[in-house]
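Everything on this sheet refers to the single structure shown next.
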Amino acid sequence: MPLTPVDFDRRLVPGSRAILMSGSGTVSEPLRADLHLPSGEVVASGWRWEGIGFTDIAPPGRYPVLLYSLLPEAGEPDPLAVRLVVRDAPVASWSMALLPGQDPAELGEDGFFGFAVDGAEGNLIDARYLRELHETGTYLEFVDTAKIDLDFGGGLASSEDDEGRETVGFKIGSDGVYPTWIGRTADGELACYLIELLMFDNRD
């Protein structure tokens, strides 16, 4: 059976106590940045981008991106999850975010589709912007600037070029492969995308 989601709305309540693989602590108030999605085709990656978004497409618009962390009793915060909020509504169900051609039925025990991180940083961007960056040959320059903006912005930061193309970068804490989940309301509407940083050892 593939990896199953946890109850993120219950686990990511600011001020609540959490016991994770890395230890115990308190869930932080989330850091926030905003992201424009002109096409609604969301791409989550570790700065290695193709202009192909998830099959679940958001309505075009500007949306908040929230970074939740665990504040331990001692030491630095541990990032827990990044949520792109499409609708400010309770999530009734979660499913794995998929790219075209991916089939969860092909996954093994606790398997998942995710994006690889090498450098302990990730980002969100609209697929249309990626296609434009590759077509104009400005992709590498855009990435370099976004990384600098993230270094100065702390754990979460937006970046924008002269043409108005935006990305939101975030610090992950460690390298690895991380899944993205789709949250839906009771009416089946798309509520959010949530990048899980796999800190929850108990998935009940």
- Item | salt bridge (Lys or Arg N to Asp or Glu O under 4.0 Å) pairs, two or more places apart, involving residues 174-199 | D56-R184, R87-E189, E196-R203
- Closest heavy-atom contact between W94 and L194? CZ3-CB, 3.9 Å
- Looking only at heavy atoms, which two atoms of R83 and C192 are closest? And how far apart? NH1-SG, 3.5 Å
- Query: Are D151 and K171 within salt-bridge range, i.e. N to O under 4.0 Å?
  - Reply: yes
- Please write out which residues are connected to W47 in a hydrophobic cluster, directly or through intermediates, given that two of Ile, Leu, Val, Met, Phe, Trp, Tyr count as joined at side-chain heavy-atom separations below 4.5 angstrom. V43, W49, I125, Y129, L130, L133, Y139, L140, F142, V143, L150
- Pairwise distance CG(N123) to NZ(K147) - rounded to 0.5 angstrom: 9.5 Å
- For residues L198 and P179, determine if any side-chain heavy atom of one lies less than 4.5 Å from a side-chain heavy atom of the other. yes
- For the student: nearest non-hydrogen atoms of A127 and G53, plus distance: CB-N, 3.9 Å
- Message: Restricting to side chain to side chain contact (heavy atoms under 4.5 Å, CB included), what partner residues turn up for V177, sequence neighbours left out?
- Response: F112, A116
- Task: First locate atom CG of L98, then atom CZ of F113, and finally report the distance between them rounded to the nearest 0.5 Å.
- Result: 6.5 Å
- Message: Once rounded to the nearest 0.5 Å, what's the spacing between atom CG of L71 and atom OG of S28?
- Response: 5.0 Å
- Note on the structure: Residue set satisfying salt bridge (charged side-chain N to carboxylate O under 4.0 Å, His left out) with D144, at least two apart, ordered chain then number -> none
- Message: Any non-hydrogen side-chain atom of F8 less than 4.5 Å from a side-chain atom of V91?
- Response: no
- Item | Results of side chain to side chain contact (heavy atoms under 4.5 Å, CB included) for V27 - residues two or more places apart only | S16, A18, Y68, L80
- Task: Please list, chain by chain and in numerical order, all residues satisfying side chain to side chain contact (heavy atoms under 4.5 Å, CB included) with S159, sequence neighbours excluded.
- Result: T145, A146, D149, T167
- Report the relative orientation of the aromatic rings in F54 and Y193; use parallel for angles under 30°, tilted for 30 to 60°, perpendicular for over 60°. parallel
- Task: Flag the pair I172 / Y178 as yes when at least one side-chain heavy-atom distance between them is below 4.5 Å, and no otherwise.
- Result: yes
- Go through the structure and list residues passing side chain to side chain contact (heavy atoms under 4.5 Å, CB included) with L35, not counting sequence neighbours. L37, V65, L84, L124, E166, V168
- In terms of side-chain heavy atoms, does S69 have a donor or acceptor partner in D78 at a distance below 3.5 Å? no
- Message: Could you check whether any side-chain N or O of D126 sits under 3.5 Å from a backbone N or O of V42, counting only pairs where one atom can act as donor and the other as acceptor?
- Response: no
- Heavy-atom closest contact (T185 atom, A89 atom, distance): CG2-CB, 3.9 Å
- Residue pairs passing the ring pair (Phe, Tyr, Trp, His ring centres under 6.0 Å) test with at least one member in residues 153-175, sequence neighbours excluded, are none
- Provide the closest heavy-atom pair for L12 versus A81 in the form atom of the first, atom of the second, distance. CD1-CB, 3.9 Å
- Message: Minimum heavy-atom separation for G111 and M96, please, with both atom names.
- Response: O-CE, 4.0 Å
- Query: Taking only residues at least two apart or on different chains, which pairs with a member in residues 129-141 satisfy salt bridge (Lys or Arg N to Asp or Glu O under 4.0 Å)?
  - Reply: E41-R131, E132-R165
- Distance, nearest 0.5 Å, that separates CG of L156 from CG of L66: 8.0 Å
- Query: Any side-chain heavy-atom pair from S24 and P72 closer than 4.5 angstrom?
  - Reply: no
- In the hydrophobic cluster built from side-chain contacts under 4.5 Å, what are the other members alongside I52? none
- Are E160 and S158 close enough that some pair of their side-chain heavy atoms sits under 4.5 Å apart? no
- Could you give all pairs that pass the salt bridge (Lys or Arg N to Asp or Glu O under 4.0 Å) test and reach residues 91-118, with sequence neighbours left out? R48-D118
- Run through the side-chain heavy atoms of Ile, Leu, Val, Met, Phe, Trp and Tyr, join any pair under 4.5 Å, and report what else lands in I148's cluster. F152
- Item | Distance in Å, L99 CG paired with E50 CD, rounded so as to fall on 0.5 Å steps | 8.5 Å
- What's the spacing between L197 CG and L70 CG if we round to 0.5 Å? 12.0 Å
